[in-house]
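A short worksheet on the structure shown next.
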Number of protein chains: 2
Amino acid sequence: MTNIKDIAKMAGVSVTTVSRVLNNHPYVSTEKKAAVRLAIEKCNYQRNINAVHLSRGQTFLIGVVIPFTNHPYFGLLVEGISNEAVKNNYKLVLFQTNYKEDREVEALKMLQHKQIDALIICSRICNWDIIEEYVAYGPIILCEDTLGKNISSTYIDHYKSFSKALEYLHNKGHHKIGYCVGRKTGTNSKQRESAYKDFLYKWKEELKQNYIFYECFNFEDGEEIMQRLIKMNDPPSALLVASDQVAAGILTCCKEHNIHVPNELALMGFDNQPIAKVMNITTLEIPLTAVGRKLFLQAINSSIISHEEIAVKLIERQTV
Amino acid sequence: MTNIKDIAKMAGVSVTTVSRVLNNHPYVSTEKKAAVRLAIEKCNYQRNINAVHLSRGQTFLIGVVIPFTNHPYFGLLVEGISNEAVKNNYKLVLFQTNYKEDREVEALKMLQHKQIDALIICSRICNWDIIEEYVAYGPIILCEDTLGKNISSTYIDHYKSFSKALEYLHNKGHHKIGYCVGRKTGTNSKQRESAYKDFLYKWKEELKQNYIFYECFNFEDGEEIMQRLIKMNDPPSALLVASDQVAAGILTCCKEHNIHVPNELALMGFDNQPIAKVMNITTLEIPLTAVGRKLFLQAINSSIISHEEIAVKLIERQTV
DNA sequence: GTAAATGGTGAAACCCGTTTCAGAGCAAGG
DNA sequence: CCTTGCTCTGAAACGGGTTTCACCATTTAC
């Protein structure tokens, strides 16, 4: 393979000049520039990117940590990140963790080793102290509230939005409200839990543990929720579902079991995914592609630590 | 930052010896090994991966080209690739093309520049001659029939599987069969088209252009199909839908419009996604994660060109 | 007319590992 | 005792760019 030296020799200039042409630096005479260009074309010369990376200490690669690729929430988020990455000439390295801590650490290590310029963690599993060990090595951006921490983030205030949704359901006359979330221990779930508890406290309702459903991620998880609902003596009259997919799954099962929505069971989704629109599910809109865009921009403008709160919007449809 | 030289100095050995320790080469005395390990620990030394890449000419990065990240088909495919990548210590670089040709070319260029060790193209948009320009630079793996070409692939014979599905519908008494696919011009769509035409020819049915629906990718696309079906004087009695998502969308709209499935309209999906199971959609199962796994393995064992055909399986449920 | 700024150029240092190769020391084989 | 052959080691070449710095030649400024 031809390298920069060969080109320099062919064009009768120094490697410095070739480098300048390659990088569009000023101060190269038109003739030499032309000679270099010619040589490059003749040899079909291609820069060795790894050498560039080594030299510059930058790779134009941004790491993205997600638990699953096969989920519309993360699909949209990555789509948002990806679109902005294209615009800025960055590429994405995907880390699918399946919520395994060591996979997240691997991503952090890649940051440490300078193989990626920044790391966006869309759903964190590691403890804070581990993350904080790595902030020295490069920008880490999170998709959860990091206020007070020296880490940029774009996030949704899940306490606020959950409260909003609960009040909405309450106003619609619901007193027996349950909810479905993904991981029991995630930051978001904890925020939601405290919103839920505060809500119950405010309205003097008692907490029923079986009104809370964990590990709800996908459409098909709706089925199990339905099974559990059917068996209850005193089922909730409304469910706040932290994902439109799951809400859609529940709704589909309701139709099969002839449970009328919203009369017998009100459903409220999250995200405002396309499926929510088609199935007329009342939901809280999260502009996920916009979130992705912001996350990316924070990753490349890491000198400024910022915390961007994203507002959610209640979309009234026909399941409440 | 400390580098290998510093470590060598500290441990009182040569850089070669340090390198040997780092790479677990044999023939290093126990004492020197220990000294090096100690120095590494003391300095919290981290190899500069870019230097390793440059030196070795390998990055342990595999490129993956997909049109959208936000689609269950590609989600599952990437999941399969990703899981196998983890096992083999590779990372994935994601190229979301949105079916833009230049984005695919960018991925090919990264292969040329040695920034990735191999490239998996899950849905091709570029012409063959462009792809073939780049095969010299590194392994390119495709997810479509490349028989006769010098390019490895894992693929579904869409002619065969579409024919199978059409015959199945025919056996069930359907004579007015339409179909829905994604891109009009993709290889898969062309194979399906010819299967469809051959089927019509065999049974002496005439081709109705309005029985064919293009640009069907997502759940929400079901709605438009429904709108078009409603307006037809002589609508098809069965639809072969090249994606469970779209089938699910159509099915949901059917329920809204009180169109009985399968009596008034039979639906047959593709992929056997979870949603097909929940909604009881008859479908052709494609083991997407297995496909992903094979694609990855072909990418790293590129010395052997192979063509793996994946069998599809008809899953009978309640929409036909 | 002289000083300062600007355009243009290349040698050499730098980024940081891996790998080749030559050689030393020592034990086993004949 | 001599030859292999194995263990162990480091100097130096190599991968291939970017960047600093010194320097010369023109312009422009005053």
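Remember, it's a predicted structure, so these values are computed and weren't measured experimentally. Just so we're on the same page: letters track the sequence lines, and every chain starts at 1.
- Where Val52(B) and Ser29(B) meet DNA chain D, the nucleotide closest to each residue was compared, and Ser29(B) sits on the side nearer the 5' end.
- Donor-acceptor pairing under 3.5 Å is recorded for the side chains of Tyr99(B) and Ser123(B).
- Rounded to a whole Å, the CD atom of Gln115(B) is 15 Å from the C1' atom of dG16(D).
- Just one of Asp157(B), Ile156(B), Leu288(B) meets the side chain to side chain contact (heavy atoms under 4.5 Å, CB included) condition when paired with Ile310(B); it is Ile156(B).
- If you measure from atom CG of Asn48(B) to atom P of dG15(D), you get 18 Å, rounded to the nearest angstrom.
- Regarding Ile49(B), its CD1 atom lies at a distance of 13 Å from the P atom of dC16(C), rounded to whole Å.
- Computed from coordinates, the Arg47(B) CZ to dT19(C) P distance equals 10 Å when rounded to whole Å.
- Backbone-only contact: Val28(B) has heavy atoms under 4.0 Å from sugar-phosphate atoms and none from a base.
- Residues Ile66(A) and Leu94(A) are in side-chain contact: their nearest non-hydrogen atoms beyond the backbone lie under 4.5 Å apart.
- As rounded to whole Å, 10 Å separates atom C1' of dC15(C) from atom CG of Asn50(B).
- The CD1-C1' distance, from Ile7(B) to dG10(D), rounds to 17 Å in whole Å.
- When all heavy atoms of Cys143(B) and Cys122(B) are compared, the closest pair comes out as CB-O, 3.6 Å.
- In this structure, the nucleotide among dG17(C), dT18(D), dT18(C) sitting nearest to the side chain of Ile4(A) is dT18(D).
- Remark: P of dG17(D) and CD of Gln58(A) are 18 Å apart, rounded to the nearest angstrom.
- For Ser55(A) and dT18(D), the shortest distance from a side-chain N or O to OP1 or OP2 is not below 4.0 Å.
- Using a 4.0 Å cut-off, no side-chain N or O of Tyr27(A) falls inside it from OP1 or OP2 of dG8(C).
- For dT18(C), the OP1/OP2 oxygens have a side-chain nitrogen or oxygen of Ser19(B) closer than 4.0 Å.
- Ring geometry for Phe217(A) against Phe68(A) counts as perpendicular: the plane angle is over 60°, on a 0 to 90° scale with 30° as the lower cut.
- The Asn3(B) side chain lies nearest to dC16(C) when the options are dT18(C), dG17(D), dC16(C).
- Side-chain contact check for Ser152(A) and His307(A): no donor-acceptor pair (N or O, by modelled atom type) lies under 3.5 Å.
- Comparing Ala51(B) and Arg20(B) by the nucleotide of DNA chain C that holds the closest heavy atom to each, the one mapping nearer the 5' end is Ala51(B).
- Contact annotation for Thr17(B): backbone-only contact, meaning every heavy-atom pair under 4.0 Å involves sugar-phosphate atoms and none involves a base.
- A sub-4.0 Å separation between OP1 or OP2 of dT18(D) and a side-chain N or O of Asn23(A) is present.
- Phosphate contact (OP1/OP2 of dC15(C), side-chain N/O of Lys114(A), threshold under 4.0 Å): absent.
- Within the structure, every side-chain polar atom (N or O) of Lys33(B) is placed at least 4.0 Å from both OP1 and OP2 of dC8(D).
- His53(A) places its NE2 atom 16 Å from the C1' atom of dG17(C), with the value rounded to the nearest Å.
- Taking side-chain N and O atoms only, Arg56(A) has no distance below 4.0 Å to OP1 or OP2 of dC14(C).
- Using a 4.0 Å heavy-atom cutoff across all strands shown, Lys5(A) reaches no nucleic acid atom at all.
- Toward the 5′ end of DNA chain C lies the nearest nucleotide of Leu54(B), the other residue of the pair Leu54(B) and His25(B) mapping further downstream.
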